[in-house]
Amino acid sequence: MPTHPAYRQPLDRNVRVRDDAAMARYGFTFPFDGLPLHAHKDALQEAERIGYTDAWSYEIDGIDCFAPLAMAAAWTEKLRLGTAIANVYT
């Protein structure tokens, strides 16, 4: 019975273990309830400053998910932005 080629290679015992903490990502959804959209600038910049890496905008009850993302892109430097839910008819 033939052996798969991957199993014929010797085990490399010199592989470095990666630091999972360096790969950790922390995210949140916005816009925040009760906070006007123009007031999100300080909140998004603070979230980025304390280590959040991702921000997801959602669309619910008529709130547009793309306008907050455009503003967040202008207001932040490193946040990874995305949509959590977007209506196809927006």
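Computation of the quantities below employed the complete heavy-atom set of this structure, encompassing side-chain atoms and omitting hydrogens, waters and symmetry-equivalent molecules.
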How close do Leu37 and Pro31 get, counting heavy atoms only, and between which atoms? CD1-CB, 4.5 Å

Closest heavy-atom pair and its distance - Leu69, Ala55: CD2-O, 4.4 Å

Can you list every salt bridge (charged side-chain N to carboxylate O under 4.0 Å, His left out) pair that touches residues 29-48, not counting sequence neighbours? Glu46-Arg49

Once ring-ring contact (aromatic ring centres under 6.0 Å, His included) is applied, do any residues pair with Tyr52, and if so which ones, sequence neighbours excluded? Phe28

What one should report as the nearest heavy-atom pair of Ala39 and Leu35 is CB-CD1, 3.6 Å

Would you name the heavy atoms of Thr53 and Ala24 that are closest together and state the gap between them? CG2-O, 4.4 Å

Please list all pairs meeting side-chain hydrogen bond (donor to acceptor under 3.5 Å, both in side chains) that have one or both residues in residues 75-85, counting only residues at least two apart or in different chains. none

Shortest non-hydrogen contact from Ala43 toward Phe32: CB-CE1, 3.8 Å

Could you go step by step and tell me if Ser57 and Phe66 meet the side-chain contact (heavy atoms from CB on, under 4.5 Å) rule? CA-CA 7 Å; Ser57 180; Phe66 298 107; over 6 Å; no

Could you state whether Trp56 and Tyr26 fall into the same hydrophobic cluster, counting links through intermediate Ile, Leu, Val, Met, Phe, Trp or Tyr residues with side-chain heavy atoms under 4.5 angstrom apart? no

